[in-house]
Amino acid sequence: MTGRVFPGDSEEAGSPPATLVLRNAHLATMVPGGDAYGTVRDGALLLQDGRIAWVGPERDLPPAEPDADVLDLHGRWVTPGLVDCHTHLVFGGDRSGEFELRLQGATYEEIARAGGGILSTVRATRAAREDDLLASGRARLELLARRGVTTVEIKSGYGLDVDTELRMLRVARALGGQTGVRVQTTLLGAHALPPEYEGDRAGYVRLVCDEMIPAAVQAGLADAVDAFCEEIAFTPEECGRVFDAATAHGLPVRLHADQRTDQGGAALAARHGARSADHLEHAGEAGVRAMAAAGTIAVLLPGAAHFLRDDTVPPVAAFRTHGVPLAVATDLNPGSSPLLDPVLTLSLACLLFRLTPEEALSGMTRVAAQALGLEAEIGTLEPGKLADLAVWDVDHPAELAYWMGGATCAAVVRGGGVLTVRE
Ligand code: DI6
Ligand code: FE
């Protein structure tokens, strides 16, 4: 690459230039209405003060100020920065031992019922120092960032007491400051029943509603609230109570819905006006219709289906028929989706769930931004949006999903600053 380049890949590497021109590029703007990718061939972008000021064919590029930085992308493709809208990337320990047990035939549910599963990560997370959670979370987030992710959602849910849940959310927020990746936090207190509440489910749900949610709101640590609606987790009725408390505090809600069994989770999420219902392998037609009517987005998580060796496919055709927008995310977590590669995730979304490469990419850009309520700021290459973008060494954007985790990210731009560039 030629032109001025900002060395290194940390936030300290250089403050973003006031004006940056990216030229000699093809753009997958992901703006709907044009062709599948919102393509602009032989395009250019003008970035000003951290936002996109102009996008279009290079021949129409308005003259920039003489001191503007210019980056020649040599015909590479530019997409919006990837948005990983569903992760659990802050946690202690790992679950490789359970992976081995499952390969010998134990099921995810058997391990959970025997006190392993989520609860084993809860023990490791409660025992971890805040600094250690920060260091391990940072290592994982940097892997995502190098692969084009500029915004990530991070859930709590491995603390299951007020202090540890808040610690997880604090770590998630701090990771944003340390890495420069935009972080949205989600309180997932209703992830599993902690051992100290065994036999008192109602008591734990009260703790989530009456103490955890208010404490997270008070500390400004939660952007949304999530719950796990499943036989091995919480009933629709219990999740409904958590949602009512979240809504009363003005927080948007999302749901882990119908992942392993049909619990009516999709319809429950829709009834509560959830931003998204996530997983949905076992969702039925009625749930899909309810989501369409409520404007609830479907977040598909092929890494979890793959890692749990579940070949049940979410009702993708019905989502398309009823116009439910499809987002795609890693679900990065230690138990069901230790998936550290957003680009491989695009591939899995196509191969396992039969999305088109364009649906997979819009699912990790435009639609993912919608699932986070950030569609006015990120998710497409349009004037006015934040200058978050990724530059790829490919000849066509379908290659992002085609190479199984192999498409190379040549540069990431966040808020107008170029963070990683290869020559
Ligand atoms: N569904 C998932 O796939 C993750 N959480 C959830 O509710 C798994 C969490 C884990 O197994 O640690
Ligand atoms: Fe999840």
Side-chain angles (χ1 to χ4, degrees), residues 85-88 90-91 112 117-119 121-122 153-162 164-166 168-169 172 184-194 197 200-217 221-283 287 290-291 294 296-299 301 304 329 331 333 335-337 371-373:
C85 70
H86 179 143
T87 83
H88 312 241
V90 172
F91 56 84
I118 293 172
L119 292 184
T121 301
V122 170
E153 182 257 18
I154 303 176
K155 301 175 197 295
S156 64
Y158 293 120
L160 310 185
D161 59 43
V162 176
T164 319
E165 286 292 304
L166 293 190
M168 290 186 71
L169 295 172
Q184 289 273 300
T185 55
T186 300
L187 175 68
L188 177 55
H191 197 194
L193 187 70
Y197 277 87
D200 185 16
R201 301 180 63 84
Y204 183 66
V205 173
R206 271 199 307 277
L207 178 78
V208 173
C209 295
D210 300 346
E211 294 184 41
M212 244 177 230
I213 292 175
V217 168
L221 284 173
D223 299 316
V225 168
D226 195 344
F228 187 18
C229 185
E230 193 55 70
E231 269 170 12
I232 54 167
F234 294 93
T235 65
E237 196 267 327
E238 290 163 339
C239 294
R241 269 186 275 155
V242 171
F243 281 179
D244 287 339
T247 306
H249 282 89
L251 289 178
V253 299
R254 316 178 53 177
L255 187 67
H256 280 71
D258 306 328
Q259 177 187 9
R260 306 287 291 167
T261 53
D262 184 358
Q263 298 283 313
L268 171 74
R271 264 201 311 286
H272 286 266
R275 279 228 175 103
S276 71
D278 304 37
H279 288 286
L280 298 163
E281 281 84 341
H282 296 267
M291 285 174 64
T296 297
I297 287 162
V299 178
L301 305 164
D331 195 18
N333 77 71
S336 69
S337 187
L372 297 180

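These numbers come from a predicted model, not from an experiment.
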Check whether [X] reaches the backbone of [Y] with its side chain - one donor and one acceptor, N or O, closer than 3.5 Å.
X    : Y    : value
E165 : S156 : no
T185 : D223 : yes
D331 : A304 : no
D262 : A283 : no
S337 : N333 : no
H282 : D258 : no

To check you understand the geometry: which heavy-atom pair defines the closest contact between [X] and [Y], and what is its length?
X    : Y    : value
L187 : A222 : CB-CB, 4.2 Å
V299 : C85  : CG1-SG, 3.9 Å
L188 : L160 : O-CD2, 4.5 Å
A290 : A267 : CB-CA, 4.1 Å
A266 : A257 : N-CB, 3.9 Å
L166 : A216 : CD2-CA, 3.7 Å

For the pair R260 and E231, evaluate side chain to side chain contact (heavy atoms under 4.5 Å, CB included) and give the outcome as yes or no after the intermediate values.
CA-CA 8 Å; R260 306 287 291 167; E231 269 170 12; over 6 Å; no
Between [X] and [Y], how do the two ring planes meet: parallel, tilted or perpendicular, split at 30° and 60°?
X    : Y    : value
H256 : H279 : tilted
Y158 : H88  : tilted
Y204 : F234 : parallel

Kindly indicate whether the side chain of [X], heavy atoms from C-beta on, has any atom under 4.5 Å from the side chain of [Y].
X    : Y    : value
L193 : L119 : no
H272 : D244 : yes
L251 : V217 : yes
L280 : M291 : yes
M212 : L207 : yes
L255 : C239 : yes
T186 : V225 : no
P194 : V122 : no

Looking at R201 and E238, is any side-chain nitrogen of the basic one under 4.0 Å from a carboxylate oxygen of the acidic one?
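Result for this pair is yes, salt bridge flagged.
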Using a strict threshold of under 4.0 Å (side-chain N to carboxylate O), is an ion pair present between E153 and R254?
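Looking at E153 together with R254, the answer is yes, because their closest N to O distance falls below 4.0 Å.
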Would you say the side-chain atoms of D161 and T164 include a donor-acceptor pair closer than 3.5 Å?
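The answer is yes; a qualifying pair exists.
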Test side chain to side chain contact (heavy atoms under 4.5 Å, CB included) on T261 and E230 and set out the steps.
CA-CA 7 Å; T261 53; E230 193 55 70; 2.4 Å; yes
Please lay out, stage by stage, how H86 and K155 fare under the test side chain to side chain contact (heavy atoms under 4.5 Å, CB included).
CA-CA 8 Å; H86 179 143; K155 301 175 197 295; 3.3 Å; yes
Would you check, one step at a time, whether the test side chain to side chain contact (heavy atoms under 4.5 Å, CB included) holds for V253 with D226?
CA-CA 6 Å; V253 299; D226 195 344; over 6 Å; no
